[in-house]
Participant: 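Starting off with a structure, shown below.
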Amino acid sequence: MPQPPRALNPAASPLAAFGAAVRERRVAARLSQRQLGGVIHVSGALIGKLEKAERRPDADLVRGLDLALEAGGTLWAAYSRLLEATPPCPRDHEHAAAPSGRLSGLGYRDLVGLRPATRILPAEELPRAVASAWANYQASAFAKVCEQAPALLASARSAVEAPGTLTPVEAWRLLALAHHVAAAALAKRGEQTLAALSAEQGLRAATACGDAHTIAALHRCIAHTVLAGTDDDAAIDLVDKAATELNAHAPDTNDPRTLSLLGSLWLVGALAAARTGSQHEADTFLCQAERLAERLGQDANHCWTWFGPTNTALHRVSVAVELGRIDEAARLAATISTTGLPRERRIRHLLERARIAHLGQRLHDAADELLDAERQAPLHVRRHFITRDLTRSWCHSPQLTRRADVRQLISRMARDATALSGGSRVGSASVDRPSSPLPGSEA
């Protein structure tokens, strides 16, 4: 007997209000989630997650929904409230007004080059400045990256226009990498629209420089932003196309850069496949990545990937969680040492361990892991979807709210308006699988 749809609470958040509006329009149109997904070329599962406020939409998806459901702009209005700033209308061009300055230390106009930079770096300083931004990113200093980004992007654009000591190819490559690191940091701060914009501009610069490895790196960046945004199937398609293009244009299969970028692409594909529930496809991607990690022989930071056996093992844990294989994830996580990895990777593993402990009903262990991670990288942890999901659930747990340190964490999360303005992206292990729901959450 089919289960009745879960009751929605539009007053819970702007994201919940958007989801309720989508369901209301869909039901009025007498469409199932699968049918609506077919109209706009996404999965029915994605429509379900949007309605239940488990996934944050992007602008293109909202436009498609508004047209398919003949909503007359009401869904677009709900999306604008969700962003707390009206995004560009479908007919607007790049020179539209910037989103609210509160969204980011890096504004829309900084990304498209409409605002003069306070400082233009000499061309010979650009390689070191790009490397500094990437080092800050891998140290979980995402706010610092966003502070660096306007001058970095403006300086790289200036070098493209007047290369000077740099060759035109190198200038374009540095502009691509500057956009890449900006996009990566913005995504970590939960600002997916700006991240996607920066990634797309980075790909244009990478294409202009013509370097196969830089192009592959930016394709991977875009796949990451798609994976964090709305559509896992699109992320898988991007991974397949990028890997095919890299193999065609970088024929030296023993080049560590090629091995690292291909392996990193397969890891993105594995997570995307797991989130669609495709165990076979996820395991296939992981096996491909593991073979490349074995050939590389060690964890290495080629093309800023930190790809290797350890990073591949971390992704196998995350894939197991997404597929609902919690016991397997816990067993694998206990065997991994992240000592040699950068802080960003170490913190991400602590967050995954917290989620695994939570799903295994070891709530105090989960809280300890999360608090440990927050002590090491406060902003990284408080902006992460796993932290949002867990603390929202813990608000209703008498077992944990008796702990002063947990109550204080929940208070810090409540004060962090940026962290709470985004949508929740819980893994399928905690939402889509009725065998292992988040304790305290709705089934």
Participant: Is it true that Asp405 and Arg375 have a side-chain N and a carboxylate O under 4.0 angstrom from each other?
Facilitator: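 Here Asp405 does not pair with Arg375 in a salt bridge, since their nearest N and O are not under 4.0 Å apart.
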
Participant: Please answer whether the main-chain N or O of Asp368 pairs with a side-chain N or O of Asp372 as donor and acceptor at a distance below 3.5 Å.
Facilitator: no

Participant: Is there a donor-acceptor pair closer than 3.5 Å between any side-chain N or O of Arg173 and the backbone N or O of Ala206?
Facilitator: no

Participant: Looking only at heavy atoms, which two atoms of Ala171 and Ala159 are closest? And how far apart?
Facilitator: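 Between these two residues, the closest heavy atoms are CB-O, 3.6 Å.
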
Participant: For Phe307, is there any backbone N or O sitting under 3.5 Å from a side-chain donor or acceptor partner on Ser260?
Facilitator: no

Participant: Using a strict 4.0 Å threshold on nitrogen-to-oxygen distance, state whether Arg348 and Glu352 make a salt bridge.
Facilitator: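 Yes, this pair counts.
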
Participant: At their closest point, which heavy atom of Leu75 faces which heavy atom of Asp66, and how far apart are they?
Facilitator: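 Looking at all heavy atoms of both residues, the shortest contact is N-OD2, 3.0 Å.
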
Participant: For a quick test of reading the model, state the closest non-hydrogen atom pair linking Ala250 to His213 and the distance between them.
Facilitator: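 Smallest heavy-atom distance, with atoms named: CB-NE2, 4.0 Å.
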
Participant: Could you tell me whether a side-chain N or O of Ser198 sits under 3.5 Å from a main-chain N or O of Ala195, the two making a donor and an acceptor?
Facilitator: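 No.
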
Participant: Could you report the tightest heavy-atom contact between Cys209 and Trp172, atom names first, then the distance?
Facilitator: CB-CB, 3.5 Å

Participant: Would you say the side-chain atoms of Ser278 and Thr276 include a donor-acceptor pair closer than 3.5 Å?
Facilitator: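 Absent: no donor and acceptor within the cut-off.
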
Participant: Any donor-acceptor pair under 3.5 Å linking the side chain of Thr167 with the backbone of Glu170?
Facilitator: yes

Participant: Using every non-hydrogen atom in the two residues, find where Val239 and Leu265 come nearest and quote the distance to one decimal.
Facilitator: CG1-O, 3.2 Å

Participant: Could you check whether any side-chain N or O of Arg346 sits under 3.5 Å from a backbone N or O of Leu341, counting only pairs where one atom can act as donor and the other as acceptor?
Facilitator: yes

Participant: Does Thr391 form a side-chain contact (heavy atoms from CB on, under 4.5 Å) with Leu409? I'd like the steps, not just the answer.
Facilitator: CA-CA 8 Å; Thr391 53; Leu409 172 61; 3.9 Å; yes

Participant: How close do Asp232 and Arg275 get, heavy atom to heavy atom, and via which atoms?
Facilitator: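 Heavy atoms only, the tightest pair is OD2-CB, 3.3 Å.
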
Participant: Would you list the pairs meeting side chain to side chain donor-acceptor pair (under 3.5 Å) in which at least one residue belongs to residues 126-146, sequence neighbours left out?
Facilitator: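 Matches after skipping sequence neighbours: Ser132-Gln148, Asn136-Gln148, Gln138-Asn301, Gln138-Trp306, Ser140-His380.
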
Participant: State which residue, out of Val317, Asn311, Thr312, fulfils the side chain to side chain contact (heavy atoms under 4.5 Å, CB included) condition with His315.
Facilitator: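 Passing option: Asn311.
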
Participant: State whether the side chain of Thr284 and the backbone N or O of His280 hold a donor-acceptor pair below 3.5 Å, judged by distance alone.
Facilitator: yes

